[in-house]
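Just so it is clear, the values below take in all heavy atoms, side chains as well, and ignore hydrogens, waters and symmetry mates. Sequence lines set the chain letters: A, B, ... in the order given, protein chains first and strands last, and positions in each chain run from 1.
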Amino acid sequence: MKYNFKKIEKKWQDFWQKYKVFQADFNPSRKKYYCLEMFPYPSGRIHMGHVRNYTIGDVIARYKCMCGFNVLHPMGFDAFGQPAENAAIKNKTHPGIWTNKCIEWMKKELMRMGFSYDWQREISTCKDDYYKWNQWIFLKMFEKGLAYKKASSVNWCPSCETTLANEEVVQGGCWRCNTAVVQKELEQWFLKITQYSEELLVDLKELTQWPPRVIAMQENWIGRSYGVEIYFRLEPNGKIISVFTTRVDTIFGATYIVLAPEHPLVKEIIKNKPQEKQVLAFIEKVSKETKVVRTSEDVKKEGMFTGAYAINPVNQEKIPIWVADYVLMEYGTGAIMAVPTHDQRDFLFAKEHNLAMRIVIQNKESSLELSKMDQAYEGDGIQVNSGQFDGISNTEAKEKIAAWMEEKQIGRKVTHWRLRDWLISRQKYWGTPIPIIYCDKCGILAMPYDELPVKLPKKAEFTGEGGSPLSKVKSFVQVKCHKCKGRARRDTDTMATFIDSSWYFLRFCSPKFKDAPFDKQEVKYWMPVDQYIGGIEHAILHLLYSRFFTKFLRDLGMLSFNEPFQKLLTQGMVLKEGEVMSKSKGNIVDPDEIIKKYGADTLRLFILFAAPPEAELDWNERGMEGAWRFLTRVWRMVIEVKNCKNTTSAGMDSLTKKMHQTIKKVSSDMEGGFKFNTAISSIMELVNEIYQAKERNLGAKEIKEAIETTVKLLAAFTPHISEEMWLVLGHKDSIFKSGWPSYNEEFAKEKTIDLVIQVNSRNRSRIEIPVGISEEEIHKLVLNDERTKQWIKDSPVKKFIIVPNKLVNILI
RNA sequence: GCCGAAGUGGUGGAAUGGCAGACACGCCGGUCUCAAAAACCGGUGUCUUUACGGACAUGUGGGUUCGACUCCCACCUUCGGCACCA
């Protein structure tokens with residue numbers, strides 16, 4: 001009987017569906033396990049990255065299922081988004097039609113991989129029974145003042161013709177199309193994620209099961225820094241200029257102030273000064289530069305004197321005010337105090353423009369001299385030229401100066417955050433309409449909850465130009481104010497699609513619930529997600545937003561936990577010849593073709609065996625051949641044994657021992673961080689041993705036992721062939737109902753040891769000894785060994801080190 | 001610059017401080033065959049030795065230890081995040 005993967009895989013995929021083997025039922029009496037993979041954007045075809053992501057998740061889900069957990073393993077589609085709209089423009093169709101077609105395709109491909117999803121729970125975020133709850137959550141945030149509209153300078157992608165969140169700007173470019181992002185003055189909706197800055201940062205400590213690099217990236221992104229805001233006064237009118245510094249210990253060394261060109265005070269202080277014209281020209285010039293240019297390393301810092309002066313509040317010194325492009329309006333207060341001696345950037349700028357310098361921190365090791373300094377001294381030291389603070393260490397001075405300034409009301413301690421509020425308005429059609437109306441009389445109004453969802457109008461024009469498509473749909477825009485019954489209009493933007501994925505893991509717990517985004521009881525049972533699996537590209541975006549939503553919903557009293565994802569596994573990328581697979585490089589391997597050629601089980605096995613899940617994986621068709629060879633080898637073994645009817649005990653203790661050792665090893669690889677590659681390699685070892693035993697006695701009961709165990713151990717990795725082999729071996733029900741095999745510690749134990757003998761820490765010999773003999777006996781046996789004797793000769797033994805069950809080291 | 005991850009045979013990759021290179025790919029040899037493929041068995045880090053064996057080997061240099069891929073210190077390289085961040 002040949003291994004016919006096509007037939008077998010189809011058969012078991014149908015079986016799992018028909019008998020709802022992986023349907024998850026709410027049942028608080030059972031221990032739950034929620035295994036979730038990041039749901040895909042329905043682009044049409046799955047790629048190797050999806051295959052890897054979902055295979056890893058599937059192994060975990062199936063393993064936990066065999067271990068007796070009530071496993072929730074859902075799948076859905078992140079179905080709103082720009083590609084659908086672009087496709088609609090190109091093909092003159094509707095984004096919904098394109099999206100549904102893609103979902104159908106992708107679902108089929110996912111089915112062909114044999115993933116154990118509970119398809120009863122499938123969700124698509126573009127359906128109104130899903131996005132209705134986006135609107136609901138938005139309105140809750142609006143109620144609490146966490147959703148607000150604000151005019152400000154925002155990121156704009158000229159190619160996508162829409163605004164972008166800070167998180168969507170990658171190195172100055174649009175995350176989607178890489179076009180240079182420009183700033184635009186617009187009135188837009190924001191979510192106040194900064195209200196949770198502190199908690200989002202501090203709670204990262206709870207996430208001990210997340211990869212350190214994801215934690216580090218989020219920490220960087222949130223970016224907390226402690227410092228002092230200092231109030232300088234304008235000379236002569238006394239107006240306040242606030243500057244932010246993390247080095248308040250250097251305040252006595254501030255020799256000038258620099259304002260960002262966009263700083264609102266600039267225009268005022270240059271008025272009627274000889275510098276006015278020049279400075280205005282400079283501001284004009286800077287405003288035309290894109291952020292990428294302005295912040296690039298190699299561009300020289302430019303600036304000029306404004307003609308105005310300020311008073312340093314700590315020593316009443318009158319210092320000049322400059323304006324320069326290296327100070328950014330969006331960070332701190334848009335103004336800095338410059339301390340050239342202790343800040344490298346200020347140092348270079350002061351040298352260039354011949355500005356004053358003063359040392360205020362003295363280096364303990366080698367005394368600084370102004371005339372000899374060729375760079376700023378940014379290290380620690382002792383305060384000098386700092387009035388009453390002279391002589392104390394600068395770390396101590398930081399505290400003391402800040403306290404003193406607070407007392408004198410010339411400054412205050414502040415915590416500064418890098419994280420900005422989340423801009424969510426998008427000038428696109430294929431998204432969730434923002435449930436807000438504007439009434440001339442009543443102003444900005446939230447839609448009443450009972451009028452949700454605000455549905456997307458089916459008909460709209462997709463031209464790809466001229467702002468939000470919704471703004472041109474009159475029947476959508478024009479609306480009656482529900483308060484005054486007068487004329488009003490709807491908001492015509494849609495929400496950023498990252499909103500959709502910020503709470504979908506909650507919806508999966510009760511996907512059809514009608515009274516709220518989710519059923520509190522069911523969420524209480526299933527959440528938090530025990531294991532989340534996805535790509536590193538979401539380290540900030542999706543994972544940060546989801547954490548924010550979770551905290552918000554908790555504060556609404558709807559959730560009772562702080563963090564949505566207990567454990568996170570970020571799978572490595574799939575490469576080909578060391579390069580990322582991409583259309584432009586033309587090096588894409590289509591999973592569908594591989595499945596046709598080798599079957600899903602072989603593909604799964606290769607992906608799991610070739611590298612640990614977190615590491616990068618280099619695609620290699622040779623490796624596929626290897627996986628195929630192994631599966632057919634196991635298959636033949638099962639068929640042969642099946643044909644051998646009368647099995648009797650043949651005293652094959654070493655095979656039984658290997659079997660128990662293998663169960664132990666695979667179990668610990670699964671529990672200790674999903675080391676699938678080594679788990680599979682130990683199953684391969686067991687199979688090799690069965691083959692050798694088979695040569696001697698095919699009818700042995702021990703062989704049949706070892707084979708059954710092999711099939712069970714393989715089941716989570718290669719489910720279809722395992723089900724079939726389980727059936728061939730005479731079992732009636734699904735192998736996933738058969739339980740995870742257990743091992744007996746006694747049987748797994750070795751009876752003898754190959755004891756390594758080292759002389760002066762070098763391997764010199766080895767002897768076989770029984771387990772559990774005394775140290776004296778080991779001593780005697782070792783010193784009787786001929787080869788050991790030759791190495792020792794007549795030298796006296798200085799030390800005799802015994803490492804139990806492993807080796808001895810004789811020092812001479 | 002700050003933060004994070006990684007560096008082991010021809011290749012992918014294994015090794016709670018205790019035999020470095022498990023398992024697999026590739027390659028070489030054998031069995032079977034008229035032959036080939038498949039399958040099965042065996043060999044395979046480098047140098048050296050007829051052989052037994054020996055020496056050298058986990059990015060580099062130090063250290064701790066009887067013993068270091070593993071722990072500590074310094075550095076190099078690669079990848080990733082943040083950054084004119086005050």
What interatomic distance, in whole Å, is found between [atom1] of [M] and the corresponding atom of [N]?
N	M	atom1	result
rU77(B)	rG61(B)	C1'	15 Å
rA83(B)	rC19(B)	C1'	49 Å
rU70(B)	rU65(B)	C1'	13 Å
rC2(B)	rC56(B)	P	38 Å
rC76(B)	rA24(B)	P	40 Å

Could you name each residue pair satisfying side-chain hydrogen bond (donor to acceptor under 3.5 Å, both in side chains) that touches residues 335-347 of chain A, not counting sequence neighbours?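 Every side-chain hydrogen bond (donor to acceptor under 3.5 Å, both in side chains) pair that includes a residue of residues 335-347 of chain A, provided the two are not neighbours, is Tyr326(A)-Asp346(A).
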With sugar-phosphate meaning primed atoms plus P, OP1 and OP2, does [X] contact a base, only sugar-phosphate, or nothing at under 4.0 Å between heavy atoms?
X	value
Arg224(A)	nothing
Trp619(A)	nothing
Asn688(A)	sugar-phosphate
Leu811(A)	sugar-phosphate
Pro612(A)	sugar-phosphate
Arg622(A)	sugar-phosphate
Arg766(A)	base

Would you please classify the geometry between the [Y] ring and the [X] ring as parallel, tilted or perpendicular, with 30° and 60° separating the classes?
X	Y	value
Phe349(A)	Trp322(A)	perpendicular
Tyr3(A)	Trp635(A)	tilted
Trp619(A)	Phe606(A)	perpendicular
Phe498(A)	His538(A)	perpendicular

Atom-pair distance ([atom1] on [X]; [atom2] on [N]), nearest Å:
X	N	atom1	atom2	result
Ile540(A)	rG80(B)	CD1	P	14 Å
Arg762(A)	rG53(B)	CZ	P	15 Å
Gln692(A)	rG42(B)	CD	C1'	11 Å
Ile222(A)	rG81(B)	CD1	C1'	13 Å
Trp628(A)	rA39(B)	CH2	P	10 Å
Asn760(A)	rG18(B)	CG	P	20 Å
Leu419(A)	rC82(B)	CG	C1'	13 Å
Ile690(A)	rC40(B)	CD1	P	14 Å

If you write RNA chain B from 5' to 3' in dot-bracket form, with Watson-Crick or G-U pairs under 3.5 Å, [ ] for crossing pairs and | for pairs with another strand, what do you get? (((((((..(((.....[....)))((((((.......))))))((((....))))..(((((..]....))))))))))))....
Taking only N/O atoms, report every protein-nucleotides 7-12 of chain B pair under 3.5 Å with atom names and distance.
| residue | atom | partner | partner atom | Å |
| --- | --- | --- | --- | --- |
| rG12(B) | O2' | Ala610(A) | O | 2.6 |

Would you say [X] reaches [N]'s phosphate, i.e. side-chain N/O to OP1/OP2 under 4.0 Å?
X	N	answer
Arg636(A)	rC40(B)	yes
Arg633(A)	rC40(B)	yes
Gln344(A)	rC2(B)	no
Arg629(A)	rG26(B)	yes
Asn763(A)	rA20(B)	yes

What's the base orientation of rG9(B): syn (chi within 90° of 0) or anti? syn
Quick one: does any side-chain atom of Tyr377(A) pair with a main-chain N or O of Asp380(A) as donor and acceptor, under 3.5 Å?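 Side chain of Tyr377(A) to backbone of Asp380(A): a pair is present.
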In chain order, what residues pass the side-chain contact (heavy atoms from CB on, under 4.5 Å) check against Arg764(A), with sequence neighbours excluded? Val759(A), Arg762(A), Trp791(A)
side-chain contact (heavy atoms from CB on, under 4.5 Å) involving Ser795(A) - partner list, sequence neighbours excluded: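 For Ser795(A), the residues satisfying side-chain contact (heavy atoms from CB on, under 4.5 Å) (neighbours in sequence not counted) are Ile812(A).
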Listed partners of Asn697(A) passing side chain to side chain donor-acceptor pair (under 3.5 Å), at least two apart: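 With neighbours one apart ignored, the set is empty.
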Residue list, side chain to side chain donor-acceptor pair (under 3.5 Å) with Arg52(A), at least two apart or on another chain: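 Partners of Arg52(A) under the side chain to side chain donor-acceptor pair (under 3.5 Å) test: none.
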Side chain of [X]: nearest nucleotide among [options]?
X	options	result
Gln758(A)	rG18(B), rC84(B), rA15(B)	rG18(B)
Tyr691(A)	rC41(B), rA55(B), rG13(B)	rC41(B)
Val803(A)	rA24(B), rG18(B), rA86(B)	rG18(B)

Find which nucleotide of RNA chain B each of Thr678(A) and Arg787(A) is nearest to by heavy atoms, and output the residue with the more 5' nucleotide.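 Nearest-nucleotide comparison on RNA chain B picks Thr678(A).
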Judged by each residue's nearest nucleotide on RNA chain B, which is more toward the 5′ side, Asp754(A) or Ile536(A)?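 Final value for this comparison: Asp754(A).
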Protein-nucleic acid N or O pairs under 3.5 Å, nucleotides 3-6 of chain B:
| residue | atom | partner | partner atom | Å |
| --- | --- | --- | --- | --- |
| rG4(B) | O2' | Arg213(A) | N | 3.4 |

What donor-acceptor contacts under 3.5 angstrom involve side-chain atoms of residues 678-689 of chain A, with partners at least two apart or in another chain?
| residue | atom | partner | partner atom | Å |
| --- | --- | --- | --- | --- |
| Thr678(A) | OG1 | Asp669(A) | OD2 | 2.9 |
| Thr678(A) | OG1 | Lys675(A) | O | 3.1 |
| Ser681(A) | OG | Thr678(A) | O | 2.9 |
| Ser682(A) | OG | Thr678(A) | O | 3.4 |
| Ser682(A) | OG | Ala679(A) | O | 2.8 |
| Glu685(A) | OE1 | Lys658(A) | NZ | 3.0 |
| Asn688(A) | OD1 | Arg633(A) | NH2 | 2.6 |

Base versus backbone protein contacts along nucleotides 43-48 of chain B [heavy-atom cut-off under 4.0 Å; B, S, -]: ------
Where is the tightest heavy-atom contact between Gly227(A) and Phe244(A), given as atom of each residue plus distance?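 Distance-wise, the nearest heavy atoms are CA-CE1, 3.8 Å.
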So which pairs with a foot in residues 241-251 of chain A pass salt bridge (Lys or Arg N to Asp or Glu O under 4.0 Å), sequence neighbours left out?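 Checked against salt bridge (Lys or Arg N to Asp or Glu O under 4.0 Å) - neighbours excluded - the pairs reaching residues 241-251 of chain A are Arg247(A)-Asp249(A).
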Among pairs that include at least one residue of residues 604-620 of chain A, which meet salt bridge (Lys or Arg N to Asp or Glu O under 4.0 Å), considering only residues two or more places apart or in two chains? Asp58(A)-Arg604(A)
Quick one: are Met304(A) and His353(A) in side-chain contact, heavy atoms under 4.5 Å?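 Met304(A) does not reach His353(A) side chain to side chain.
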Contact between Val228(A) and Val414(A) at the side-chain level, heavy atoms closer than 4.5 Å - yes or no?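 When only atoms from C-beta onward are counted, Val414(A) and Val228(A) do not touch, as no gap falls below 4.5 Å.
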Tell me, please, whether Tyr691(A) has Lys694(A) positioned over its six-membered ring: NZ or CZ under 6.0 Å from the ring centre and within 45 degrees of its axis?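 Yes, a cation-pi geometry holds between Lys694(A) and Tyr691(A).
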